[in-house]
Amino acid sequence: MYDFREWKHAFKLDPNKEITDEALESVCESGTDAIIIGGSDGVTLENVLDLMARVRRYSVPCVLEVSSVETVTPGFDLYFIPTVLNSTDPDWIMGLHHQAVKEYGEIMDWDEIIVEGYCILNPECKAAKLTKANSVLDTDDVRAYAMMAEKMFRLPIFYMEYSGMYGNPRMVETARNYLSSTVLFYGGGIRTAEQAKEMAQIADVIVVGNVVYDDLAMALKTVSPVK
Ligand SMILES: CC(C)=CCC/C(C)=C/CC/C(C)=C/CC/C(C)=C/CC/C(C)=C/CC/C(C)=C/CC/C(C)=C/COP(=O)(O)OP(=O)(O)O
Ligand SMILES: O=P(O)(O)OC[C@@H](O)CO
Ligand SMILES: [Mg+2]
């Protein structure tokens with residue numbers, strides 16, 4: 001199912017982390033809607049190619065979440081391009097994207113490219129530090145970013161990113177109330193079936209990352225309650 005608008009659950013795998021063949025098989029065959037490959041540090045063309053080839057043994061849709069131009073390679077079903085709406089550095093909002101499109105725009109297949117409006121809410125996460133995000137936000141800020149994503153920029157995805165920390169469902173609900181055509185992704189700190197269920201009742205798609213590496217059995221239990 002390549003239409004992310006129909007998804008409920010995705011696993012995010014980090015090319016910079018080790019995963020055994022056995023664990024990868026259970027993740028890919030778990031019933032999740034997609035595997036997103038991405039991370040904010042230590043991502044290389046080599047480790048992206050390796051993980052893509054391993055995920056490609058299974059029929060689950062496989063998406064590259066681009067964090068640098070150098071690590072983009074053909075072979076994915078879709079390419080998610082983050083733009084960090086609450087970054088204070090224009091490079092992470094539009095600058096790197098401008099350079100990439102200037103160089104590769106003519107050869108890009110635009111049907112495979114989906115822009116994600118990121119709103120990073122955990123000030124301690126790597127992505128917040130990398131992109132110099134202003135992550136101390138209240139519900140009015142989140143409401144405004146959600147409205148900007150949908151009404152102003154007409155982005156396909158609004159991604160509330162709490163990477164490494166379980167977020168505040170009230171904040172996610174605030175965004176929910178202002179999104180209809182833009183798909184709401186929630187990611188961060190989901191470690192139990194209950195948390196998965198709670199966030200899936202608010203967001204359109206929940207993304208489960210680190211727990212795959214910390215407690216695979218718990219990670220697998222996040223799928224069925226939301227599907
Ligand atoms: C198909 C093909 C060959 C095409 C070629 C054409 C081409 C190069 C297309 C690319 C076009 C394009 C517009 C690219 C954009 C370039 C770019 C660099 C954009 C910036 C993206 C961005 C804002 C990244 C910021 C970091 C970020 C938000 C990453 C998301 C991943 C994330 C938060 C992962 C969480 O894990 P991690 O942070 O690693 O946490 P851990 O501590 O748990 O590891
Ligand atoms: O790794 P966790 O905390 O599950 O977060 C998932 C994802 O949103 C990271 O980009
Ligand atoms: Mg990482």
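Counting starts at 1 for both ligands and their atoms, in listed order. Predicted, not measured: the structure shown is a model, and the values here were computed from it. Counting begins at 1 with the first residue of the sequence.
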Nearest protein heavy atom with distance in Å, relative to [atom]:
atom                    : answer
atom 7 (C) of ligand 2  : Y159 OH, 3.4 Å
atom 5 (C) of ligand 1  : V72 CG1, 4.0 Å
atom 31 (C) of ligand 1 : E65 OE1, 3.2 Å
atom 17 (C) of ligand 1 : L96 CB, 4.0 Å
atom 39 (O) of ligand 1 : S40 N, 2.9 Å
atom 15 (C) of ligand 1 : I81 CG2, 3.7 Å

Ligand 1 contact on [X] by region, counting heavy-atom pairs under 4.0 Å:
X    : answer
F76  : neither
I113 : neither
K17  : side chain
T131 : side chain
N16  : neither
Y104 : side chain

Is there at least one pair of N or O atoms, one from [X] and one from ligand 2, spaced under 3.5 Å apart?
X    : result
V208 : no
G189 : yes
G209 : yes
Y118 : no

When you compare the side chains of N210 and K12, does any donor N or O come within less than 3.5 Å of an acceptor on the partner? no

T83 and H97: side-chain donor and acceptor closer than 3.5 Å? no

Could you report the tightest heavy-atom contact between L137 and I120, atom names first, then the distance? CD1-O, 4.5 Å

Can you confirm, on distance only, whether ligand 1 has an N/O atom lying under 3.5 Å from any N/O atom belonging to [X]?
X    : answer
E112 : no
S67  : no
W92  : no
Y118 : no

Measure up the Y166 and Y186 rings against each other and bin them: parallel (under 30°), tilted (30 to 60°), perpendicular (over 60°). perpendicular

With under 30° as parallel and over 60° as perpendicular, where do the rings of F80 and F4 fit, or are they tilted in between? perpendicular

Which of the ligand 2 atoms, numbered from 1, are nearer than 4.0 Å to a heavy atom of [X]:
X    : value
E161 : 7 (C), 8 (O), 9 (C), 10 (O)
S163 : 3 (O), 5 (O), 9 (C)
G187 : 8 (O)
N210 : 1 (O), 2 (P), 3 (O), 4 (O)
V207 : 6 (C)
G164 : 2 (P), 3 (O)

Looking at E161, which atoms of ligand 1 are within less than 4.0 Å of one of its heavy atoms? 33 (C)

Given [X], which of [options] fulfils the side chain to side chain contact (heavy atoms under 4.5 Å, CB included) condition?
X    : options          : answer
E116 : V183, I81, I157  : I157
L121 : V142, D141, V136 : V142
H9   : D33, V205, V207  : D33

Region of Y213 engaging ligand 2 - heavy atom pairs below 4.0 Å: neither

Report the member of [options] with the shortest heavy-atom distance to [atom].
atom                    : options          : answer
atom 40 (O) of ligand 1 : S163, C125, G105 : S163
atom 21 (C) of ligand 1 : G188, A133, P82  : P82
atom 36 (O) of ligand 1 : G42, G39, P74    : G39

Would you call R176 and E173 a salt bridge, taking side-chain N to carboxylate O under 4.0 Å as the test? no

Should D77 and R56 count as an ion pair when the cut-off is N to O under 4.0 Å? yes

Name of whichever N/O/S atom of D14 is nearest to the Mg ion (ligand 3): OD2

d(I206 CD1, L184 CG) to nearest 0.5 Å is 11.5 Å

Can you tell me if [X] uses its side chain to pair, donor with acceptor, with the backbone of [Y] under 3.5 Å?
X    : Y    : value
S26  : A23  : yes
Q195 : R191 : yes
N122 : E161 : no

